[in-house]
Protein chains: 2
Amino acid sequence: MDDRADENPPSWRSLPSWLLSQTAGHAQRLVGDGFAAVGARGYHYRLLATLAEHGPASQAALGRRSGIHLSDMVAAINELAERGQVQRAPDPSDRRRNIVSLTAEGRRQLRLLEKELAVRQEELLAPLAPGEREQLIGLLSRLLDHHDRQPGAAEEPWR
Amino acid sequence: MDDRADENPPSWRSLPSWLLSQTAGHAQRLVGDGFAAVGARGYHYRLLATLAEHGPASQAALGRRSGIHLSDMVAAINELAERGQVQRAPDPSDRRRNIVSLTAEGRRQLRLLEKELAVRQEELLAPLAPGEREQLIGLLSRLLDHHDRQPGAAEEPWR
DNA sequence: CACAAACGTTAGTACGACAAACGTTTTGAG
DNA sequence: CTCAAAACGTTTGTCGTACTAACGTTTGTG
C-alpha cells in the first residue's frame, strides 16, 4: 500500500533554500567525516586555523576571529588542550585572560585537517567541471556577501 | 590590541563547503523566521505539504515521504495536532497505525506557510539575476543528485 | 572609589538529524 | 495454528552548530 507510492518528488525539493540546506548537509557530512577521521570537528579546525593565521590570542579574541560563540569556546579549547594541540596560559598582563597558543602537535594536526579538507572539497564538487565550480563559488559568495552585510534589512520599512 | 585586527579573512572562508554551510545557514534562518512568524517550523511545513500531496497516511509512511526521522515524528505531529492542523486517528484496519490527516485548519496553515516560503526565497536570492538563479539551482541540483545517489561510494576502493 | 566593560565560564535552548530500546500489533512460514 | 519476524509508534538520549542568560572575576575609567 505504501510500497511504491514514494516516487513523485515533494514540492519543496526544488526550493533554493532546500537545495542549499541539503547540499550543505552533504558538504558538512563529508567534511565532518574527514575531521572525525583525525579526531576533530569543525570548531577545532577553525580554531587551529585561526591560531595559525593570527597567532596566540585570548579566548574572546579567538572567538571573534573564528566566528565561534564565546559560550562554545570553553569546551572546544578544553578539547584541543586535552589533545595537546593548544596551550592555555594565563596572561600575566591581564589576569582575566587566557592566552591560547598553538603547540607543535596542533600545527601537525592542522596540516592533517587541511589535507582532509582538500580531499573532501574535491569529493563534494566531483560532478562539476572546473568552470562550473567557479560559477558556483561565485554565486554563493555573492549570496553570502549580501546576507552577511544586510543582516536585518527591512525591519521597519519606512517610518 | 584586538580592536582592528579582524579584517583579513580566515582561509576557510572561500571553501565551497563553507560557502554552502553559510548560505544554507542564512537560508534556513530566513525560512525559519518565516515559519516562526506563523508559529511553525520546518518539520511542520514538510509534514503539512506531504499530507496535502499524498493524502492521509500512517506516521511511518509520512516519515518516509517527508524524510523526517521516525523518532522525530511523534513530537512534530503532537505539535501539529495541538494546533488543530492535523488529526491523528487509529487505523481500524491495523491497530498499530495512526492515520494522520490534514484538517481545514491545517490546509489554511499550509497556504500561509507557502506564502511565507515564496517571500523568503525571493529574499534569499535577491542579489541574483533570474538567469543566475537558474544557474545556481541547476548546479545545486546536480550536486544533490550526485550525493543522494552515491551515499557511500568508495568505501572499499577495489579490495 | 565606584561603576562599566571585558573576560571566562556554566547552564540551558533550539533545530535538524540519528540511534537504541521497548511494547504492541500484524504477517508470514513452517 | 503457532511462533517468530517485521512493522509501527513511542521514549529517551546523542551529536553538531548556534545562540541567550547569568555569574564571578578582573580591568580600566569617570
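In what follows, every chain begins at residue 1, and chains take the letters A, B, ... in the order their sequences are listed. What's counted below: heavy atoms across the whole structure, side chains too, no hydrogens, waters or symmetry copies.
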Among C:dA19, C:dA6, D:dG9, the one nearest B:Ala60 by side-chain distance
D:dG9
Donor-acceptor pair (no angle test) under 3.5 Å: B:Ser71 side chain, C:dA19 base
yes
Interatomic distance where CD belongs to B:Gln59 and C1' belongs to D:dT10 [whole Å]:
9 Å
Name the residue closer to the 5' end of DNA chain D, choosing between B:Trp18 and A:Asp94 according to the nucleotide with the nearest heavy atom.
B:Trp18
Given DNA chain C, 5'-ward residue of the pair A:Asp72 and A:Gln22, judged by closest heavy atom
A:Asp72
Under a 3.5 Å cutoff, is there a donor and acceptor pairing between the side chains of A:Gln59 and A:Arg88?
yes
Here the pair of heavy atoms bringing B:Gln121 nearest to A:Pro16 is OE1-CD, 3.0 Å
With respect to the phosphate group of C:dA6, does any side-chain polar atom (N or O) of A:Arg95 fall under 4.0 Å of OP1 or OP2?
no
Taking the side chain of A:Tyr43 as heavy atoms from C-beta outward, which of C:dT10, D:dC8, D:dT17 is closest to it?
D:dT17
Taking A:Val31 as the starting point, is it possible to reach A:Leu47 by hopping between hydrophobic residues whose side chains are less than 4.5 Å apart?
yes
Tell me the interatomic distance from A:Asp33, atom CG, to D:dC15, atom P, rounded to whole angstroms.
16 Å
Contact nearer the 5' end of DNA chain D, comparing B:Leu70 with A:Arg46:
B:Leu70
How close or far is atom C1' of C:dC15 from atom CG of B:Leu30, stated in whole angstroms?
16 Å
Side chain of A:Gln28 only, please: which of C:dC7, D:dT17, C:dG16 is the nearest?
D:dT17
Closest contact, heavy atoms only, B:Glu116 versus B:Ala37:
OE2-CB, 4.2 Å
Starting from P on C:dC18, measure out to CD1 on B:Ile68 and report it in whole angstrom.
11 Å
Could you tell me how far apart B:Asp91 (CG) and C:dT24 (C1') are, to the nearest whole angstrom?
15 Å
Could you tell me whether A:Asp94 and A:Arg97 make a salt bridge, using a distance below 4.0 angstrom between a side-chain N and a carboxylate O?
yes
What residues in residues 81-89 of chain B put a non-hydrogen atom under 4.0 Å from any atom of DNA chain C?
none
Let me know the distance between CZ of B:Phe35 and C1' of C:dC15, rounded to the nearest Å.
13 Å
Spacing of B:Ile99 atom CD1 relative to C:dT25 atom P, expressed in whole Å:
16 Å
Determine the contact category for A:Gly32: base if any of its heavy atoms lies under 4.0 Å from a base atom, sugar-phosphate if only primed atoms, P, OP1 or OP2 are that close, otherwise nothing.
nothing
It should be established whether A:Arg97 places a side-chain nitrogen or oxygen under 4.0 Å from OP1 or OP2 of nucleotide D:dT26.
no
Any side-chain N or O of A:Arg41 under 4.0 Å from OP1/OP2 of D:dT17?
yes
Might you work through the salt bridge (Lys or Arg N to Asp or Glu O under 4.0 Å) test for A:Asp91 and A:Arg95, ending with a clear yes or no?
CA-CA 6 Å; A:Asp91 182 340; A:Arg95 267 181 298 178; over 6 Å; no
Whole angstrom value for the distance that separates P of C:dT27 from CZ of B:Arg96:
6 Å
Does a salt bridge link A:Glu53 with A:Arg65, judged by any charged N lying under 4.0 Å from a carboxylate O?
no
Inspect the contact between B:Arg108 and B:Glu105 and indicate whether a charged nitrogen and a carboxylate oxygen are less than 4.0 angstrom apart.
yes
Among C:dT10, D:dT10, C:dC7, which is the nearest nucleotide to the side chain of B:Asn98?
D:dT10
